[in-house]
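Questions regarding the structure given below will be posed in turn.
Read the numbers this way: they start at 1 and go in the same order the structure lists the ligands and their atoms.
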Amino acid sequence: MAQPRILILGAPGAGKGTQSANIVEEFDVEHVTTGDALRANKDMDISDMDTEYDTPREYMDQGELVPDEVVNAIVDEALTQADGFVLDGYPRNLEQAEELEEMTDLDVVLMLDVGEEELVHRLTGRRLDPETGEIYHVEYNPPEDEEVEERLVQRDDDDEETVRERLRVYHENTEPVVEYYEEEGTLERVDGEQTPDEVWEDVKATIEDAA
Ligand code: AP5
């Protein structure tokens, strides 16, 4: 395979960001993530797009989806510039899945399977290093360096109430996307409840098998 075009699916907290970082390093592809792109542009003016709110912030802080029009444009632009990629956080509903089909072909569609209570535990315990972008967990993966530990921050939408709403939105909107790829016969499931290293072994083998 030249540069692989990889889609990674999974509920909030399933480990998409964690595994995407490994994929980028191993396969030398771009990480295209709508979550990070939107967080970097939370206060972008979208009032000319006939949307309920004027910026992505209002949607994100409540755990709701940002309108398709905004997100489709971000992904289209990013994929045009990427040779190979790991796409994380998109598509999140069937309309976005159809849009993606128009934009590009995919070599691998991965799905990280993790149970609901484990997802809540992972997200409420997640911490980020604002300097390096590294993802930690207070219990599963704390930093060794005390200086790093002191500067860690929690994402605005990782409080328990918003996490539960994000999971509800996932079940309603994104599970049909998983079924869509399953019916198409392209979905590769990975047990996301193993340790991060074990998950990575399975993810890497699945991508290599698709080569
Ligand atoms: P987004 O940023 O995409 O968030 P998400 O899908 O909710 O996923 P997360 O980033 O929260 O989780 P993850 O699976 O990457 O887990 P991680 O690796 O960090 O979206 C945020 C918001 O943006 C949305 O709510 C929406 O408003 C908007 N948005 C984004 N895309 C959109 C779209 N397409 N359309 C409309 N709106 C959109 O891992 C989680 C934690 O678990 C970490 O602490 C990690 O250390 C730990 N961990 C990871 N793997 C393991 C393991 N194997 N064992 C133990 N712990 C682990």
Side-chain angles (χ1 to χ4, degrees), residues 7-24 31-42 44 46 51-53 55-76 78 86-97 99-100 103 110-115 118-129 133-143 152-159 162-175 177-178 190-203:
L7 172 61
I8 190 161
L9 297 170
K16 302 181 298 290
T18 301
Q19 296 304 327
S20 292
N22 294 331
I23 294 172
V24 166
H31 186 196
V32 178
T33 153
T34 45
D36 284 356
L38 289 168
R39 269 184 291 282
N41 295 284
K42 262 191 162 180
M44 163 171 81
I46 54 171
T51 51
E52 189 182 353
Y53 301 115
T55 66
R57 179 182 294 280
E58 283 92 340
Y59 297 94
M60 298 176 78
D61 288 354
Q62 294 175 61
E64 306 304 324
L65 295 184
V66 175
D68 289 350
E69 201 181 339
V70 179
V71 185
N72 291 340
I74 291 174
V75 175
D76 201 8
V86 51
L87 179 57
D88 159 10
Y90 182 98
R92 259 182 153 85
N93 57 33
L94 286 174
E95 290 73 25
Q96 292 182 9
E99 198 70 31
L100 178 62
M103 291 180 210
L110 291 163
M111 166 69 192
L112 302 179
D113 281 314
V114 177
E118 174 68 9
L119 293 170
V120 174
H121 189 63
R122 284 189 189 180
L123 289 173
T124 51
R126 172 167 57 187
R127 299 292 182 273
L128 305 169
D129 182 343
E134 195 85 21
I135 306 167
Y136 294 96
H137 190 279
V138 288
E139 187 183 321
Y140 298 140
N141 179 26
L152 294 184
V153 294
Q154 188 171 24
R155 234 166 75 174
D156 292 343
D157 58 353
D158 274 350
D159 64 285
T162 314
V163 163
R164 298 246 177 229
E165 176 59 13
R166 286 161 60 200
L167 289 169
R168 190 197 64 73
V169 169
Y170 172 79
H171 292 309
E172 187 175 308
N173 294 277
T174 314
E175 263 170 11
V177 174
V178 176
V190 170
D191 175 3
E193 288 214 9
Q194 310 172 89
T195 67
D197 287 349
E198 287 166 345
V199 176
W200 170 233
E201 261 180 53
D202 287 357
V203 165

Atom indices of ligand 1 within 4.0 angstrom of Leu123 heavy atoms, with elements: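 Once the distances to Leu123 are compared, the set is 11 (O).
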Shortest protein contact, atom 19 (O) of ligand 1 (heavy atom only):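 Answer, as residue, atom name and distance: Arg126 NH1, 2.6 Å.
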Can you tell which of Arg166, Met60, Glu198, Glu99 gets a heavy atom nearest to atom 11 (O) of ligand 1?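 Considering heavy atoms of Arg166, Met60, Glu198, Glu99, the nearest to atom 11 (O) of ligand 1 sits in Arg166.
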4.5 Å side-chain heavy-atom contact, Ile46 and Tyr59: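 Sidechains of Tyr59 and Ile46: in contact.
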Arg166 and Asp158: CA distance, side-chain angles, deciding distance, salt bridge (Lys or Arg N to Asp or Glu O under 4.0 Å) verdict: CA-CA 9 Å; Arg166 286 161 60 200; Asp158 274 350; 2.9 Å; yes
Counting heavy atoms not belonging to Gln62, are there more than 12 under 6.0 Å from its CD?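 Count over threshold, so yes.
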Taking non-hydrogen atoms only, is Gln19 closer than 4.0 angstrom to ligand 1 via side chain, backbone, both or neither?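 Neither part.
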Please state which option from Gln96, Glu58, Glu193 has its nearest heavy atom closest to atom 35 (N) of ligand 1.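 It is Gln96 that holds the nearest heavy atom.
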Show me which atoms of ligand 1 lie under 4.0 Å from any heavy atom of Arg39.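 This gives 2 (O), 21 (C) as the contact atoms.
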Please assess Asp156 against Arg39 for the test salt bridge (Lys or Arg N to Asp or Glu O under 4.0 Å), listing each intermediate value before the final yes or no. CA-CA 10 Å; Asp156 292 343; Arg39 269 184 291 282; over 6 Å; no
Using a 4.0 Å cutoff against the non-hydrogen atoms of Pro196, which atoms of ligand 1 qualify?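 Per the distance check, 51 (C), 52 (C), 53 (N), 54 (N).
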Atom CG of Asn93 and atom CD of Glu175: how far apart are they, to the nearest 0.5 Å?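 Reported to 0.5 Å precision, the distance equals 13.5 Å.
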Counting heavy atoms only, which part of Thr195 comes closer than 4.0 Å to ligand 1: side chain, backbone, both or neither?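 The backbone, only.
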Does only the side chain of Arg127 get under 4.0 Å from ligand 1, or the backbone, or both, or neither? Count heavy atoms.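 Neither part.
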Starting from atom 48 (N) of ligand 1, which protein heavy atom do you reach first, and at what distance in Å?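 The closest heavy atom on the protein side is Arg122 CD, 4.0 Å.
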Without hydrogens or angle criteria, can the side chains of Asn22 and Gln19 be said to hold a donor-acceptor pair below 3.5 Å?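 A pair is found: one side chain offers a donor N or O, the other an acceptor, under 3.5 Å apart.
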Name the closest protein heavy atom to atom 15 (O) of ligand 1, giving the residue it belongs to and the distance to 0.1 Å.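 Of every protein heavy atom, Gly17 N, 2.7 Å lies nearest to atom 15 (O) of ligand 1.
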Is ligand 1 under 4.0 Å from a heavy atom in the side chain of Tyr170, in the backbone, in both, or in neither?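 It is neither; nothing of Tyr170 touches ligand 1.
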Closest approach of any protein heavy atom to atom 5 (P) of ligand 1, naming residue and atom: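 Looking at atom 5 (P) of ligand 1, the protein heavy atom closest to it is Arg92 NH2, 3.4 Å.
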Atom indices of ligand 1, in the order listed, that fall short of 4.0 Å to a heavy atom of Thr34: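 The atoms of ligand 1 under 4.0 Å from a heavy atom of Thr34 are 30 (C), 31 (N), 32 (C), 34 (N).
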Taking atom types as modelled, find out whether Gln194 and Asp202 have a side-chain donor-acceptor pair closer than 3.5 angstrom.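 Present: a donor and an acceptor within the cut-off.
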Value rounded to 0.5 Å, distance of CD in Gln154 from CG in Leu123: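 Answer for the CD-CG pair, Gln154 versus Leu123, is 10.0 Å.
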May I ask you to identify, for Val71, whether its side chain, its backbone, both or neither come under 4.0 Å of ligand 1 on a heavy-atom basis?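 For Val71, the contact with ligand 1 is made by the side chain alone.
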Among all the protein's non-hydrogen atoms, which is closest to atom 16 (O) of ligand 1, and how far away is it?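 Going atom by atom, the protein heavy atom closest to atom 16 (O) of ligand 1 ends up being Gly15 N, 3.3 Å.
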Where is the nearest protein heavy atom to atom 49 (C) of ligand 1: which residue, which atom, and how far?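 Looking only at protein heavy atoms, the one closest to atom 49 (C) of ligand 1 is Thr18 OG1, 3.5 Å.
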Among all protein heavy atoms, pick the one closest to atom 37 (N) of ligand 1 and tell me residue, atom and distance.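 The protein heavy atom lying closest is Val66 N, 3.0 Å.
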Rounded to the nearest 0.5 Å, how far apart are CG of Asp61 and CZ of Arg155?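 Between Asp61 CG and Arg155 CZ, I get 10.5 Å after rounding to 0.5 Å.
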Record the part of Gln194 in heavy-atom contact with ligand 1 below 4.0 Å; permitted values are side chain, backbone, both and neither.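 It is the backbone that touches ligand 1; the side chain stays farther off.
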Classify the ring geometry of Tyr140 against His121: parallel below 30°, tilted from 30° to 60°, perpendicular beyond 60°.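 Perpendicular.
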Between Tyr136, Tyr59, Tyr140, which one has a non-hydrogen atom sitting closest to atom 55 (C) of ligand 1?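 Looking at heavy atoms only, Tyr140 sits closest to atom 55 (C) of ligand 1.
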Which residue holds the protein heavy atom closest to atom 8 (O) of ligand 1, what is that atom called, and what is the gap in Å?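 Atom 8 (O) of ligand 1 sits closest to the protein heavy atom Lys16 NZ, 3.2 Å.
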Ligand 1-proximal atoms of Leu38, by part, heavy-atom distance under 4.0 Å: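 Within the 4.0 Å criterion, Leu38 contacts ligand 1 through side-chain atoms alone.
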